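Inspection log for the structure reproduced underneath, given as structure tokens.
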Amino acid sequence: MTLTLHNTLTRRQEPFAPLAPPRVTLYSCGPTVWNYAHIGNFRTFLFVDLLRRWLEASGFDVFHIMNLTDVDDRIIKEAGKQGVTIADLVAPFVVAFNEDRDYLRITPAHEYPRATEFVAPMIRLVEGLLANGAAYRGEDGSVYFSIAKFPAYGRLSQLDKRELKAGASGRISSDEYDKENAQDFVLWKAAKPEDEAVAAAWDAPFGRGRPGWHLECSAMALELIGRRYGAKVLDIHTGGVDLIFPHHEDEIAQSCAFTGEPDFAKVWMHAEFLNVRGTKMSKRFGNITTPRDLRTDGVEPGAIRLLVYQTHYRQRLDLTDHALAAAREGSRRLGEFARRLEAAGAPADGAGFLAAAERLSADFTAALDDDLNAPRAVAAVFEFVTAGNRLLDQGEKPGPRALESWGRTDRVLDVATQGAIYAVSVGQARGPATVLGVGADAAIEDELAEAPPIEADAQSAWALAWARRRGAAKSRRDFKDADRIRDLLKSHGWEVRDTKDGSSHVTRA
RNA sequence: GGCGCCGUAGCCAAGUGGUAAGGCAGAGGUCUGCAAAACCUCCAUUCGUCGGUUCGAUUCCGACCGGCGCCUCCA
């Protein structure tokens with residue numbers, strides 16, 4: 001089995017063959033940090049996370065770069081409105097992005113280059129393009145790339161098959177820059193007073209100004225892989241589908257014109273959109289949901305990951321409350337199983353587990369090797385859950401093989417949710433309660449508030465105290481009181497579950 | 001107008017030229033004081049519509065209907 005990936009360049013699925021195995025250079029277009037990134041953005045980053053994890057699980061040595069665009073029109077406009085510099089405007093959103101990324105358990109890239117910290121390489125790139133004739137200075141002082149000098153322009157987006165609608169945006173006529181060709185794109189924008197006002201202008205041999213968006217990625221990618229490996233071509237470049245044209249098309253043009261290489265990246269991969277009721281999630285539609293919104297609502301990261309991975313990355317994903325609820329339930333079940341499986345771990349695998357583990361590994365690998373077919377990988381995982389639960393019910397033991405097969409899927413997908421668990425032994429007069437996580441041991445006779453305390457730590461103690469009372473009620477067969485306490489705990493988000501050995505588990509997601 | 005994508009059970013969602021994975025929800029059962037969790041069973045003769053190719057199509061081709069994206073410095 002070999003890994004095959006869909007390449008936007010060829011519109012086909014191809015066996016993945018990095019330029020210098022086992023090394024893989026992976027560049028991902030990251031967020032523009034002008035605001036909080038929404039889960040539509042994070043859908044793409046979760047796709048990248050899966051790619052990254054699967055490449056590493058497959059034995060590749062990945063060097064992952066994700067840029068942070070910290071200078072662009074939106075940032076300058078917003079900074080101007082607020083009367084702050086772009087650096088000040090952006091700072092909190094960079095922090096927020098990192099927090100959200102960590103919350104979603106996305107593996108951090110090795111490098112997060114920021115555009116404003118790579119101005120020098122950008123200037124060198126523009127100089128190179130001016131020197132070899134691919135770029136020219138407009139009368140407004142900006143520098144443009146001439147697509148007439150780059151015959152391969154349009155390969156990625158199959159531009160030769162398109163016919164740009166004149167004035168589709170209604171903005172071409174209002175374009176104040178003077179380009180030689182309407183499709184030429186700006187590499188370096190001449191500084192304007194608004195740019196200066198927010199500290200978004202740099203000196204350059206060809207005039208003071210700021211980098212164009214497309215330029216950033218090329219300069220940063222080439223700089224970083226050049227510095228580290230002396231390479232000029234990326235193995236994989238990722239982004240959202242909306243970046244295919246013109247962003248990635250322009251990156252290819254300027255990069256290849258600069259390096260003389262036929263490719264900027266060997267494989268281009270693009271994630272489809274996440275939609276809300278059929279429409280793409282976007283600030284201007286007012287249908288934004290951010291990871292922090294979901295976090296506030298108590299949605300577990302594993303559930304969000306599961307939701308995303310249950311749809312193929314090249315397929316649009318529709319976010320609904322129903323889909324989210326389904327993912328939460330599924331994620332919870334996976335976590336429940338994981339705990340059960342690990343607790344039953346034995347030195348040797350039972351025959352049933354051996355067979356189930358083989359099947360899981362084979363199905364899981366085949367699915368992800370097939371252009372990251374995560375939905376199929378998830379299906380294989382659930383099939384193992386069902387089989388594993390049955391085997392456990394029959395008393396069979398999972399050994400190293402089963403645990404490793406399971407562990408591998410968990411490391412790649414990372415979609416399970418394990419609620420915090422606290423256990424109390426009750427009803428058997430075996431001495432003090434077995435308490436995991438907290439040391440509270442309130443006497444049964446003490447007064448106990450019906451409402452939980454405010455402090456998080458005290459809450460578990462409170463729940464455990466009630467659980468012990470319920471245990472006492474149970475042992476004197478006062479089931480009415482026992483049920484009342486269970487309902488009380490449930491209304492505050494705690495679940496009580498009795499086990500066969502007479503103890504009770506109290507859990508909170 | 002150009003380029004492209006999608007339409008599979010109540011919901012989400014894989015998939016193959018030979019008669020449909022998985023998840024969630026739902027129904028019944030086992031277990032339990034009752035629950036919960038777990039397990040078992042059931043839950044699309046059918047894959048937008050109409051044609052065509054084929055021994056056979058949900059899967060290939062065409063048309064149509066419906067939804068969506070890009071062509072705007074949007075992931």
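Remember, predicted model here, so these are calculated numbers, not experimental data.
A salt bridge does not link R332(A) with E300(A): none of the charged nitrogens is closer than 4.0 Å to a carboxylate oxygen. The pair R376(A)-D369(A) does not meet the salt-bridge criterion, since no charged nitrogen lies less than 4.0 angstrom from a carboxylate oxygen.
Going from atom NZ of K474(A) over to atom P of U32(B) covers 12 Å, rounded to whole Å. At whole-Å resolution of the value, NE2 in H248(A) and P in A75(B) are 10 Å apart. Atom CG in D49(A) sits roughly 15 Å away from atom C1' in A75(B) (whole-Å rounding). Protein atom CG of D363(A) is 14 Å distant from nucleotide atom P of G15(B), rounded to whole Å. In this structure, D321(A) atom CG and A25(B) atom C1' are separated by 15 Å, rounded to whole Å. The separation between F273(A) atom CZ and A75(B) atom P is 9 Å, rounded to whole Å. Atom P of nucleotide A38(B) and atom CZ of R497(A) are separated by 7 Å, given to the nearest angstrom. In this entry the distance linking OH of Y36(A) with P of A75(B) reads 17 Å, nearest Å.
Among the atoms of the strands shown, only primed sugar atoms or phosphate atoms (P, OP1, OP2) are found under 4.0 Å from some heavy atom of D393(A). Among the atoms of the strands shown, only primed sugar atoms or phosphate atoms (P, OP1, OP2) are found under 4.0 Å from some heavy atom of R332(A). Within the nucleic acid shown, T320(A) has no heavy atom closer than 4.0 Å to any nucleic acid atom. Here R314(A) lies out of heavy-atom contact (under 4.0 Å) with every strand. The residue G212(A) sits apart from the nucleic acid: no heavy atom pair falls under 4.0 Å. If you check every strand for non-hydrogen atoms under 4.0 Å, V381(A) touches nothing. In this structure, H312(A) reaches the sugar-phosphate backbone alone: every heavy-atom distance under 4.0 Å involves primed, P, OP1 or OP2 atoms, never a base. Residue contacts for D242(A): at a heavy-atom cut-off of 4.0 Å it reaches a base atom on one of the strands shown. Q315(A) comes within 4.0 angstrom of the backbone, heavy atoms only, and of no base. Using a 4.0 Å heavy-atom criterion, one finds that L274(A) contacts the bases of the nucleic acid, with or without backbone contacts as well. T32(A) comes within contact range of the sugar-phosphate backbone alone, with a heavy-atom separation under 4.0 Å but no base atom that close. Among the atoms of the strands shown, only primed sugar atoms or phosphate atoms (P, OP1, OP2) are found under 4.0 Å from some heavy atom of N373(A). Residue-level contact check: T279(A) touches the backbone only, with heavy atoms under 4.0 Å from sugar-phosphate atoms and none from bases.
Here the two rings, on F97(A) and F45(A), have centers that are under 6.0 Å apart.
In this model, the phosphate group of C39(B) is approached by a side-chain N or O of R333(A) to a distance below 4.0 Å at OP1 or OP2. Checking the phosphate oxygens (OP1, OP2) of C34(B), no side-chain nitrogen or oxygen of K480(A) falls inside 4.0 Å. Remark: R316(A) is not in phosphate contact with G67(B), judged by side-chain N or O atoms under 4.0 Å from OP1 or OP2.
Listed nucleotides: A75(B), A38(B), A13(B). Nearest to the side chain of C29(A): A75(B). Candidate nucleotides G33(B), C68(B), C40(B) were compared by shortest atom distance to the side chain of R470(A), and G33(B) ranks first. Comparing G33(B), C11(B), A14(B) by their nearest atom to the side chain of A482(A) picks out G33(B). The side chain of N41(A) approaches A75(B) more closely than any other nucleotide in the set C40(B), A75(B), A36(B). Of the candidates G22(B), C39(B), A75(B), the closest approach to any side-chain atom of W213(A) belongs to A75(B).
A donor and an acceptor atom, one from each side chain of Y36(A) and D293(A), are nowhere located under 3.5 Å apart.
Side chain of R305(A) to backbone of R105(A): a donor-acceptor contact under 3.5 angstrom is found.
When the C1' atom is compared between A36(B) and U45(B), the two are found 37 Å apart, to the nearest whole Å. G48(B) sits 15 Å from A57(B) when the P atoms are compared, rounded to a whole Å. Nucleotides C40(B) and G69(B), compared at atom P, are 42 Å apart to the nearest Å. Rounded to whole Å, the separation between the C1' atoms of C11(B) and U72(B) comes to 35 Å. Look at the P atom in both C55(B) and G1(B): the space between them is 39 Å, to the nearest Å.
Ring orientation note: the planes of F47(A) and Y313(A) are close to parallel, at an angle under 30° on the 30°/60° scale. Y153(A) and F185(A) have parallel rings, their planes meeting at less than 30° on a 0 to 90° scale where 60° marks the start of perpendicular. Classified by interplanar angle (parallel below 30°, tilted 30° to 60°, perpendicular above 60°), the ring pair F150(A)/F145(A) is perpendicular.
Around CG of D321(A), the count of heavy atoms belonging to other residues, nucleotides or ligands within 6.0 Å does not exceed 12. Applying the 6.0 Å contact sphere to CZ of R11(A) captures more than 12 heavy atoms from other residues, nucleotides or ligands.
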What does the 5'-to-3' dot-bracket notation of RNA chain B look like when only Watson-Crick and G-U wobble pairs under 3.5 Å count, and pairs to other strands show as |?
(((((((..(((.........))).(((((.......))))).....(((((.......))))))))))))....
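With hydrogens and angles ignored, no donor-acceptor pair under 3.5 angstrom links the side chain of D73(A) to the base of C74(B). Interface remark: the K280(A) side chain does form a donor-acceptor pair with the C74(B) base, using a distance-only criterion of under 3.5 Å. Residue-to-nucleotide contacts include no donor-acceptor pair under 3.5 Å from the side chain of R376(A) to the base of A14(B).
In this pair, F382(A) does not lay its aromatic ring on the base of G22(B); centres under 5.5 Å and planes under 30 degrees do not both hold.
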